[in-house]
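Working notes, structure below.
Below, chains carry the letters A, B, ... as their sequence lines are ordered, and counting in each starts from 1. Small disclaimer: the values here were computed from a predicted structure and weren't measured.
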Amino acid sequence: MKMSRFAMRAFMIAACLTPTAFVVKSAFADDDESGDESESAATQGEAMTSADLPKKRRAVLEGLIKNDKILINVTAREMPASPDILNLGRRTVPALARCVADNVDNQLRASCANLLGRLGDKAALPALHSALEAWDAHVRRAAIDALRKVPDRSSFLPLSKILEREDEEGGNIAAALDALGVLSDKRAVPLLEKHLRDDKDPYVRSAAFRGLWKTRHIMARSNVIAFLKLALNSDSPDLMLAATFSASEVRAPELVDPLVRIMKKSPDARTKNRAVYALGKIGDRSATAALVKHLPKVRESRMLNNIAFALERLDSKAFFQAAEGLITHQQAQIRFNTAFVLGDVRRPEGLPLLKGALSDQNDGVKLNAVSAIGKLDTQDGVALLEHYVDDSNAGLQQAAIYALYALSAMKRTDLVFKKIYDAHKDKPEFASARLDAAVALGRAHDPRVTTDLMTCLELRTCSAWQVDGALRASNLPEIPGRVLVTWVKDRPEVTDLVGALKPQGASTVALGKAKAGLALRDLPGTINALDLAGDLGDQSALDVLRPLLGHENARLRAHASVALARWGDTSADAVILRDLENAPHDQLPHAVRLLSRVNETAARTRLLPELVKRIAQSDRDLSVAAAAVQLAWDPDAGVFSLLNALGSTERRERDLAEMYLRRSTHPKTTELLRRALSRETRTPVRDQLRRILDLRAAAETSSHTATGMPMQAHKYHR
Amino acid sequence: MKSYPFLMVSCLTLFACGGVAVEPVVAEGPHDEPVPATEPRATLRVAVDLDRRTGCEEAFDLAVYAHRAVERIAWEPPSAASPCVARSATVTFVPSRLPQAELISFMRSHARLLEVKP
């Protein structure tokens, strides 16, 4: 516990990497630990079946399910790769548990423990508990981490013994506190509190804080506030920062004083910003005076922004009074930031201040003022902006045009088209400005720019999400075919667009690409083609895909079975359900995304009763995943299971529900979450719902507006 | 494309907007529960002007959903630049629990202006 922080972190990183380093060799099954994103990882050229693996490893792999002793005497050279073991799913748990218990190679034991954590099956708990008494610290660490991923109250005593070991590594102590935190066990609270209060090691204290934070749903609110206060008032920068995040979720007025102190005294800009953000979230007017007093000292744009938003809630008048002084401040940087923030606040009260800023000598201030006027919730700025639509300063002119476009709710397309898009035709130096205009006009589905947007997508100058809406709305006959050609050139990001446009012959092409992918052992390419084939729904493909139901690669089998189920092939249903139950827990989010693609009523009607049965099962990861699929298919009914999970006594269940609710792309989800928040009486669930809504709003607006009008760069992060 | 700074600004702006989100009116009784499918629903189309503040639409939702007879408020995308004025929504509700006239009166108490659309 006396290790230096650097040494401790080095140990932690080494401990995390060791299992992977020793086990992952060439794998025939792709490893999707990090979700869909890893599908694009370089697995091309890798074997897709076990036939290509070295003989010994293949033999071990083939025996894993039948023989639970097979890993006892296996060596590192003979051990199959992690993705290949995970590919076999939870049926490998008995063999992996014996590996943890009985293999003498500590690195292999750690690797097996790591895999057991990922599989998430509680049958592994006895073996993992025993491994906590291993001599080797790496093995103990792998077991602790696995127990964190498979939280169960039976792990309390074994984990608490780790804290009592006099020779235990600091990293293991911290990991054990993290694991204790997710057990949702009240017995863990005094241990966590003791380490938060008394431990000398800031790293361990941070872990104790995280553990308490994860346990907050079974603690009295006064105790939650007490440990947050303790952390906010501590001398540890990491603890203070973590506590500012938590404070913005708990929103307790009792935290105002320590947060104000951090705003005034903390040397760390991020912590200060988070403190101000939390003050805004808490919304207690007692913070107003401190925020107003702090405002003139602010030189940093993000802090100015955070104070503005905090004050807007606490005392809007106070903010505008202060802004009056700042917009005429002697330093241009402050005037520049203030103009920007006045736009972000969006209140009409900002207009007189911004009007004044239009006369500023500094072009940057002027530019920000023009853009800001376009964001205000008032049409009174239109006349001011009209003066700049022919300005000789190109930047100012464009900012004014986009501001007017925004104020017209994207109705003044002619203005953008004539003054930017058409005016800069055949001027290479304005190519970028012209493209921005095309993307902005594309958002309004202006047909005059469709061809350019298509070319832009083909040239990879635009991203798919920037042009998706315009291309979907287009009536040009050439667009579906061109989008299909784009997809064929290894552009999986346009898969959904192809599926929506359904170009002629696309099904043949998709199946051809799937077959080519199989022949070339290109797993990501194959499953992408299978997904598209599922979208296109061509009956002629059934014979091609049915053999894949028996494929040994679980991911490939899953994508094929979902595509087949969508077309009405009922034999695929059983494969889907069997694979879902056997899937490693950390791959269930991927399965949810895949099943969410099923739009066909017939397939949903067949599969839904089976999913509902699984919602009621005791395997909570599977239960919440099944509820997430129901949310995608029928949000009105599905939301209640996830709301129940949000209010669960188990932290893991709550976190899973939050993750799925955050990720849900169904347009109704936000409405349902607002309804739930409005009626929610359980404080921790309300906090969680508030947080989910905030995060969804942030994600939604960034995706909506990112294709819109270009804006000036403004450097701030929270 | 010059969208990255814009994207970043948008994200941060929204985070900040979260900071001014309005507290819901907490309903009494248990948390949200489904209304039995057998209970008849009705819909009402309304045009609404809301208080001009950040998060105006959500604030209205949180206030109106507090009445458990309101099942859904489906907003149409804003037709004007402001997200708070000239908004249209379709409200699904359970008339046996909340008659239409009372619903209208209840919603008006949370809006600057509310008119029923034909």
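Under a 3.5 Å cut-off, the side chain of A:Arg675 and the backbone N or O of B:Arg72 do not form any donor-acceptor pair.
At a 4.5 Å heavy-atom cutoff, the contact between A:Leu693 and chain B is made by side-chain atoms alone. With a threshold of 4.5 angstrom between heavy atoms, B:Ala74 approaches chain A through its backbone and through its side chain. Contact of A:Val345 with chain B is made through the backbone alone, with heavy-atom distances under 4.5 Å. Of the atoms belonging to A:Arg674, heavy atoms from both backbone and side chain fall under 4.5 Å from chain B.
No more than 12 heavy atoms of other residues, nucleotides or ligands lie within 6.0 Å of CD in B:Glu115, so this atom counts as exposed by the packing criterion.
Considering CD of B:Glu58 and CG of A:Asp694, their distance stands at 7.0 Å, rounded to 0.5 Å.
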Self-check item: Verdict with supporting geometry, A:Glu671 and B:Tyr65, side-chain contact (heavy atoms from CB on, under 4.5 Å)
Solution: CA-CA 10 Å; A:Glu671 295 167 15; B:Tyr65 276 133; 3.9 Å; yes

Practice problem: Please test A:Ser678 against B:Asp61 for side-chain contact (heavy atoms from CB on, under 4.5 Å), starting from the C-alpha separation and ending with a verdict. | Solution: CA-CA 8 Å; A:Ser678 176; B:Asp61 280 357; over 6 Å; no

Quiz prompt | Steps toward side-chain contact (heavy atoms from CB on, under 4.5 Å) verdict (A:Asn644, B:His31) | solution = CA-CA 9 Å; A:Asn644 284 339; B:His31 55 86; 3.6 Å; yes

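Minimum heavy-atom separation, A:Ala409 to B:Ser79: CB-O, 3.6 Å. In terms of heavy-atom proximity, A:Arg679 sits nearest to B:Asp32 at NH1-OD1, 3.0 Å. B:Leu62 and A:Arg690 make their closest contact through CD1-NH1, 4.1 Å (heavy atoms, listed as atom of the first residue, atom of the second, distance).
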